[in-house]
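Chain letters run A, B, ... following the sequence lines, proteins first and then strands; every chain starts at 1. Keep in mind that this is a model prediction, so the values were computed, not measured.
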Amino acid sequence: MGLLDESVRMALRGRVLAGDVKPELDGKGVNLFGWVHEIRDLGKLVFILLRDVSGICQVVFRMEEVEQSVRDAVRGLTNESAVFVEGVVVKQPRSKLGVEVVGKRLTVLGRAVPKLELDPTGKVSAGLDARLRHRILDLRRPEVRAVFLVGSQVLKAMRDFFHMKGFVEVRTPKLIGSATEGGAELFEVKYFDRVAYLAQSPQLYKEQLTTVFEKVCEIGPYFRAEASHTGRHISEFTSVDIEQAFADMYDVMDVLEELVVHVHRHLVENHQHLLQMLGVNLRVPKRPFKRFTYDEALEILRSEGVELRWGEDFGTPHLRILGKKYTGYYFITHFPTESKPFYIQETEKDPRVSESFDLMYQWLELASGGTRVSDHDVLERKLREKGLNPAMFEDHLKVFRYGMPVHAGWGLGFERFLMVLTRRTNIRETVLFPRDRFRLTP
RNA sequence: GCCCAGGUGGUAUAGCCAGGUUAGCAUCGCCGGCUGUCGCCCGGCGGACCCGGGUUCAAAUCCCGGCCUGGGCGCCA
């Protein structure tokens with residue numbers, strides 16, 4: 001009898017989730033569908049922990065009180081098989097949850113092979129590499145799954161927030177035609193009889209779109225062909241971007257702050273159970289976040305005995321020092337123009353300083369943004385200064401002749417944000433199927 | 001790309017420094033036993049030294065190269 005059997009289909013309509021099996025249901029007959037999380041065979045008494053998306057509940061089979069066919073089915077069970085259990089809920093103080101289901105019938109809907117590569121109960125620990133090689137089994141572990149349930153809630157909270165604030169969610173191309181933007185290495189792909197590249201950022205498109213929608217946001221995948229090997233870089237990642245017309249860096253920093261607070265509040269108020277599963281005690285950060293300038297950061301480093309030449313960018317060791325001093329979220333602003341891309345606006349007072357900012361969490365860079373250049377001629381000049389050919393940017397430049405307002409925006413690394421929220425230390429743990437220098441499967 | 005550490009049953013590890021044992025422990029899988037487990041327990045069985053080369057009477061162990069993994073750094077719109 002399989003899932004397609006008519007009686008199983010009927011039973012599915014009266015399905016009760018494992019997480020909904022409560023002592024109050026005492027005496028009620030239930031149909032449970034899920035996976036065999038654990039089997040404890042005591043002989044005439046067999047305990048099965050049944051796991052579904054909602055949680056885990058205990059089913060007990062009294063072997064002398066069920067039919068022979070059920071006994072055979074129970075005896076032949078393997079861990080992680082997909083099953084259908086019919087039983088009766090009983091209040092049971094001897095069970096940890098105070099309730100269990102006395103199993104009457106058991107149907108194996110999808111048998112799992114006996115010797116799994118990974119143990120979804122987590123009794124035997126596994127290294128990250130082994131976990132990622134057998135990712136689906138790894139994801140069945142409640143704690144691992146919780147990372148992505150939180151991730152889904154973060155996405156929801158962010159979208160709610162953006163809509164509330166009047167942002168229009170847009171989708172820009174991930175296949176692009178020119179590799180002239182500079183910076184990170186691009187992945188090449190065959191595009192009919194030409195070469196195309198995978199997008200590494202929506203930057204130019206989102207700026208252009210502010211002249212249409214004023215406030216745009218995008219949550220999308222980007223690709224960087226860097227040979228990086230760290231716990232916070234992967235070659236395919238998700239970026240949360242906004243761009244806003246008639247706004248400067250301070251306006252969008254406020255948006256970013258509010259977003260971070262909104263996401264925290266959503267999780268803390270509505271999803272404590274997920275946070276508990278992750279062992280995370282999350283607190284809603286207070287606004288405004290600490291803000292200091294690049295120059296002030298240099299001073300802080302100097303006071304810690306680290307001398308940095310003005311204009312030099314921070315290395316990871318420098319950020320670790322700052323992160324030790326400033327726990328939680330904070331902004332570093334006004335980076336040297338030199339270290340920023342061509343589209344970042346210089347300050348009026350000093351062209352060597354830019355209207356830019358990074359959002360940090362301890363030593364981890366989460367987001368960066370700033371006021372953008374909105375003047376056509378300045379943009380053209382800055383392209384040249386960065387050694388880029390303005391002719392290659394004609395599609396972009398021409399928009400700046402169509403009435404370009406002052407605008408600002410930022411990009412936030414979604415997985416890095418999720419690392420912070422779920423307290424994971426390797427970014428690969430926050431991606432279902434991570435792609436890095438050496439990993440292209442599964 | 002660089003530095004450090006590592007690669008032993010499906011998983012996680014001990015053994016390696018100081019070469020020679022039946023390669024140990026746990027989990028896992030199979031078989032048997034158990035009516036209150038909740039990391040169930042008890043007994044039996046099964047399964048492994050990353051690849052290539054070298055040194056040696058003898059290599060999991062020492063040396064060289066490769067591949068891969070973890071951590072750190074760099075790179076990084």
Side-chain angles (χ1 to χ4, degrees), chain A residues 37-49 56-65 75-76 78-80 90 92-100 102 112-134 137-138 176 180-186 199-207 222-235 237 239 241 243 313-320 335 339-344 354 356 358 363 365 367-370 372 382 386 388 409-413 416 425-426 428 436-439:
Chain A
H37 190 67
E38 225 176 306
I39 306 166
R40 285 194 277 271
D41 183 350
L42 273 61
K44 296 197 179 73
L45 206 56
V46 178
F47 295 97
I48 287 161
L49 297 188
I56 292 173
C57 89
Q58 175 167 283
V59 178
V60 58
F61 283 94
R62 297 177 196 288
M63 297 297 265
E64 287 179 326
E65 296 170 20
R75 281 271 129 75
T78 51
N79 284 318
E80 292 305 312
V90 284
Q92 178 55 271
R94 283 181 292 186
S95 157
K96 258 193 177 165
L97 296 166
V99 65
E100 68 188 9
V102 176
V113 294
K115 204 165 180 167
L116 297 171
E117 288 87 347
L118 226 54
D119 168 26
T121 67
K123 262 185 288 192
V124 184
S125 61
L128 184 57
D129 182 50
R131 289 174 47 200
L132 294 176
R133 269 203 317 272
H134 311 289
L137 286 176
D138 182 48
I176 55 173
T180 52
E181 288 178 27
E185 292 289 313
L186 291 161
Q200 53 179 213
S201 157
Q203 184 61 35
L204 305 186
Y205 289 106
K206 67 177 181 172
E207 283 191 55
Y222 298 97
F223 308 88
R224 295 188 186 174
E226 299 293 339
S228 306
H229 200 73
T230 79
R232 59 194 184 282
H233 290 90
I234 35 174
S235 34
F237 66 100
S239 180
D241 278 272
E243 202 67 28
D313 215 345
F314 303 119
T316 309
H318 306 122
L319 295 176
R320 283 184 195 272
F335 287 89
S339 70
K340 287 289 166 183
F342 65 87
Y343 49 78
I344 288 285
S354 65
S356 56
D358 279 5
W363 61 275
E365 186 186 324
S368 73
R372 317 303 190 186
K382 288 179 70 82
K386 291 283 175 189
L388 298 166
W410 44 255
L412 164 75
R416 288 193 181 179
T425 53
N426 191 315
R428 280 157 259 254
D436 64 31
R437 176 76 180 78
F438 298 104
R439 239 180 292 260

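- Using a 4.0 Å heavy-atom distance criterion, A/Thr78 is classed as making no nucleic acid contact.
- Distance, A/Glu365 CD to B/rC75 C1': 13 Å, rounded to whole Å.
- Contact check, A/Arg133 against B/rU11: a side-chain N or O comes under 4.0 Å of OP1 or OP2.
- Separation of atoms CZ (A/Arg416) and CZ (A/Arg232) is listed at 6.5 Å; rounding is to 0.5 Å.
- With rounding to the nearest 0.5 angstrom, the CG atom of A/Asp41 is 9.0 Å from the CD1 atom of A/Ile48.
- Annotation: B/rG66 and B/rC42 have their C1' atoms spaced 48 Å apart (nearest Å).
- Considering only the side chain of A/Thr230, B/rC75 comes nearest among B/rG10, B/rU11, B/rC75.
- The C1' atoms of B/rU69 and B/rC63 are separated by 23 Å, rounded to the nearest whole Å.
- Between the P atom of B/rU35 and the CD atom of A/Glu100 lies a distance of 16 Å, rounded to the nearest Å.
- Checking B/rC25 for Watson-Crick or G-U wobble geometry (two distances, each under 3.5 Å) identifies no partner in any strand.
- Put simply, CG on A/Leu128 is 14 Å from C1' on B/rA12, counting in whole angstrom units.
- Atom NE2 in A/His318 sits about 13 Å away from atom C1' in B/rG74, given to the nearest Å.
- Base pairing analysis places B/rC17 opposite nothing; no Watson-Crick or G-U wobble pair with both distances below 3.5 Å involves it.
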> Please walk me through it: do A/Val60 and A/Leu45 pass side-chain contact (heavy atoms from CB on, under 4.5 Å)?
Replying inline: CA-CA 7 Å; A/Val60 58; A/Leu45 206 56; 3.7 Å; yes

> Which letters describe nucleotides 3-8 of chain B, given B = protein heavy atom under 4.0 Å from base, S = only from sugar-phosphate, - = neither?
Replying inline: ------

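- Distances from the side chain of A/Glu38 to the nucleotides B/rG39, B/rU69, B/rC38 place B/rG39 closest.
- Among the nucleotides B/rC38, B/rG70, B/rG29, the one closest to the side chain of A/His229 is B/rG70.
- Distance from the side chain of A/Asn79 is smallest to B/rG29 among B/rG29, B/rG36, B/rU69.
- Listed nucleotides B/rU37, B/rG70, B/rG29 differ in distance to A/Asn426; the shortest reach to its side chain belongs to B/rG70.
- Taking atom C1' on both nucleotides, B/rC45 is separated from B/rG9 by 14 Å, rounded to a whole Å.
- Between A/His134 and A/Arg439, the residue anchored nearer the 5' end of RNA chain B, judged by the nucleotide with its closest heavy atom, is A/His134.
- Minimum atom distance to the side chain of A/Ala126 is reached by B/rA12, of the listed B/rA12, B/rC28, B/rC38.
- The partner of B/rG32 is B/rC42, judged by Watson-Crick or G-U wobble contacts that both fall below 3.5 Å.
- Taking only side-chain atoms of A/Glu117, from C-beta outward, the nucleotide of B/rC76, B/rG10, B/rC38 with the closest atom is B/rG10.
- Regarding A/Asp436, its CG atom lies at a distance of 10 Å from the P atom of B/rG71, rounded to whole Å.
- In this structure, A/Gly411 reaches neither bases nor backbone, as no heavy-atom distance under 4.0 Å exists between it and the strands shown.
- One can place CG of A/Leu42 at 12 Å from C1' of B/rC42, the figure rounded to the nearest angstrom.
- Salt-bridge annotation for A/Arg372 and A/Glu243: present, with a side-chain N of the basic residue lying under 4.0 Å from a carboxylate O of the acidic one.
- Closest heavy-atom contact between A/Lys386 and A/Pro341: CE-C, 4.2 Å.
- Atom-to-atom distance recorded for A/Lys44:NZ and A/Glu65:CD is 12.0 Å, nearest 0.5 angstrom.
- Between the P atom of B/rA12 and the CG atom of A/Asp119 lies a distance of 11 Å, rounded to the nearest Å.
- Comparing B/rC28, B/rU37, B/rU35 by their nearest atom to the side chain of A/Glu64 picks out B/rU35.
- When distances are taken from the side chain of A/His233 to each of B/rC38, B/rC75, B/rG36, the shortest belongs to B/rC75.
- The CG atom of A/Leu116 sits 17 Å away from the P atom of B/rU27 (whole-angstrom rounding).
- The distance from atom CD of A/Glu365 to atom CG of A/Leu412, rounded to the nearest 0.5 Å, is 11.0 Å.
- Atom CZ of A/Phe47 sits about 12.0 Å away from atom CZ of A/Phe61, to the nearest 0.5 Å.
- With values rounded to the nearest 0.5 angstrom, A/Asn79 atom CG is found 4.5 Å from A/Ile39 atom CD1.
- Of all heavy-atom pairs between A/Lys340 and A/Ser354, the closest is CG-OG, 3.8 Å.
- Using a 4.0 Å heavy-atom distance criterion, A/Tyr343 is classed as a base contact.
- Straight-line distance between the P atoms of B/rG52 and B/rA60: roughly 13 Å, to the nearest whole Å.
- Partner assigned to B/rC62 is B/rG54, using Watson-Crick or G-U wobble distances below 3.5 angstrom.
- Rounded to the nearest Å, the gap between the P atom of B/rG53 and that of B/rU11 is 25 Å.
- In this structure, A/Gly231 and A/Ala227 both approach RNA chain B, and ranking their closest nucleotides by distance from the 5' end singles out A/Ala227.
- Closest to the side chain of A/Ser125, from the set B/rA12, B/rG29, B/rG36, is B/rA12.
- For the C1' atom pair drawn from B/rG15 and B/rU8, the interatomic distance equals 9 Å after rounding to whole Å.
- Here A/Arg428 does not pair with A/Asp129 in a salt bridge; the nearest charged N to carboxylate O distance is not below 4.0 Å.
- Applying the 3.5 Å distance criterion, the base of B/rG74 shares no donor-acceptor pair with the side chain of A/Glu226.
- Proximity of A/Arg62 to the phosphate of B/rU37: no side-chain N or O atom is located under 4.0 Å from OP1 or OP2.
- Not a single donor-acceptor pair, N or O on each side, falls under 3.5 Å between the base of B/rC73 and the side chain of A/Thr316.
- Judged by Watson-Crick or G-U wobble contacts below 3.5 Å, the nucleotide B/rG1 has B/rC73 as its partner.
- Taking the C1' atom of each, B/rA12 and B/rG7 are spaced 13 Å apart, rounded to whole Å.
- Distance noted for atom P between B/rC64 and B/rC28: 40 Å (whole Å).
- Side-chain N/O atoms of A/Lys44 include none lying less than 4.0 angstrom from OP1 or OP2 on B/rU37.
- Look at A/Arg320 and you'll find a side-chain N or O under 4.0 angstrom from OP1 or OP2 of B/rC73.
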